[in-house]
Amino acid sequence: MPAVVASAPGRVNLIGEHTDYNGGLCLPLALPQRTTVTLSPRSDPDLKLSSAQEDDDWEGAVEDRPGGWAAYVAGVVQALREDGHDVPGFEASIDSDVPVGAGLSSSAALECAVATAVAALLGLDLADRSVRRRLADACIRAENDYVGAPTGGMDQSVAMLAQPGHALLLDFADGSATPVELPLEDAGLVVLVIDTRVSHDLTDGSYGDRRRESADAARALGIESLRNADAGRIEELADDVLRRRARHVLSENLRVLAAVGAIGDRDWRALARALDESHTSMRDDFEISSRELDLAVETARSAGALGARMTGGGFGGSALALVPRGDVEAVQSAVTVEFRYAGFAEPAYLLATPDAAARVESVS
Ligand code: ADP
Ligand code: MG
């Protein structure tokens, strides 16, 4: 079998947060930043793994259930073997320019790069979207069941299915993935990502708390998923926390639709409004923002952004701002200065130009 190099992108979610596991809508895009894996099969079923981003290599059997970063790779192998694929053992070396733990989904980039390399080894047809959908599903199971991070599926879906120049409208009620052209360049706008450098940790429980509260709210409303919640009935919920959690999910789904409509109309002010309202909802109703994220969002707006919101699972990570191209430097320096005044870590920045899904780079 040949050696394969494959890569997969990080992502930023334009709008639609904590909706994926609630049968809802979100609108992520693939970043130009990618994780690359160089994979050579070996004759036994074991794995030998190294990463330029991690000090520790790992070697062993998938059944050994490694902790730490190797679990993301071993989990993908396990999930694909469960799907009936005859995945050989391999040596893999990994490198990435996706910021790790910044809410930009370095985890799905790693999983999807590995899944894509393995798919190429096995001769699967990566031009077939249903093959890509199944690989994404295997990566979701790897992260949920093997790593133990209760993420909802947005990250792996966009990493496998994104198209350059487009955001991807994901509907977790019917499983559809619809590309939405995002001609920001023509409008003189960019999506600026502000990495607060406060690493979130999805396995620390806060994310899982929100997942549980969402399920509790749906149960209290007597429905299977918050996607089908009724606004009037939500406001009648006796429990204040569950009421606000449900309110966020319902209103966030509506904001995703508003954002898609605004993009279609090239109404960038309306898109910006949806971003702003999304942030308010995450800060007040879903309570997943942080002082750093709030400061990044407020400062970006006052320095020229049309709109801004925190993005990703929350509790740290990144914010995004819709910024006229000419104002990007002013926004960046304003945020950097405000962070310094507040005694926060120095933020990092990247421009989110919508890029391509996971792909094979070379086979030798
Ligand atoms: P995010 O996906 O937002 O970056 P996660 O906590 O979901 O944050 O995933 C980060 C984890 O994924 C890291 O702690 C590490 O275990 C693993 N990981 C991501 N990228 C790499 C990489 N390039 N090399 C090794 N492990 C990685
Ligand atoms: Mg992740």
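Please read these numbers as outputs of a predicted model, since none were measured by experiment. Whatever order the structure lists ligands and atoms in, that order sets their numbers, starting from 1. Excluded from the calculations below are hydrogen atoms, water molecules and symmetry mates; all remaining heavy atoms, backbone and side chain alike, are included.
- Within 6.0 Å of the CD atom in E54, the count of heavy atoms belonging to other residues, nucleotides or ligands exceeds 12.
- For D195 (side chain) and R197 (main-chain N/O), a donor-acceptor pair under 3.5 Å exists by modelled atom type.
- Using a 4.0 Å cut-off between heavy atoms, V100 contacts ligand 1 through both its backbone and its side chain.
- For ligand 1, the atoms closer than 4.0 angstrom to any heavy atom of G103 are 3 (O).
- Each of the atoms 23 (N), 24 (N) of ligand 1 lies under 4.0 Å from some heavy atom of I94.
- Distances below 4.0 Å separate heavy atoms of L104 from the following atoms of ligand 1: 3 (O).
- Distances from the Mg ion (ligand 2) show that S105 has no N/O/S atom below 2.8 Å.
- Under 4.0 Å from ligand 1, the heavy atoms of S96 that appear belong solely to its side chain.
- Heavy-atom proximity to atom 23 (N) of ligand 1, evaluated over E54, E143, Q53, is greatest for Q53.
- A side-chain contact (heavy atoms from CB on, under 4.5 Å) with L320 holds for exactly one of L192, I15, N13, L275; it is L275.
- Remark: side-chain polar atoms of R309 are not paired, donor with acceptor, to backbone N or O of E277 under 3.5 angstrom.
- Contacts of D265 classified as side-chain hydrogen bond (donor to acceptor under 3.5 Å, both in side chains), with partners at least two apart in sequence or in another chain: none.
- A cation-pi geometry, defined here as NZ or CZ lying under 6.0 Å from the six-membered ring centre and within 45° of its normal, holds between R65 and Y146.
- When the heavy-atom distances from atom 2 (O) of ligand 1 to A102, S107, A113 are ranked, the shortest goes to S107.
- Look at G101 and you'll find a heavy atom under 4.0 Å from some atom of ligand 1.
- Note that the CD1 atom of I234 and the CG atom of L226 stand 6.5 Å from one another [nearest 0.5 Å].
- Looking at S51 against ligand 1, only its side chain comes within 4.0 Å, counting heavy atoms.
- Geometrically, ligand 1 and S106 share a nitrogen or oxygen pair separated by less than 3.5 Å.
- Under the side-chain contact (heavy atoms from CB on, under 4.5 Å) criterion, A142 pairs with V76, not counting sequence neighbours.
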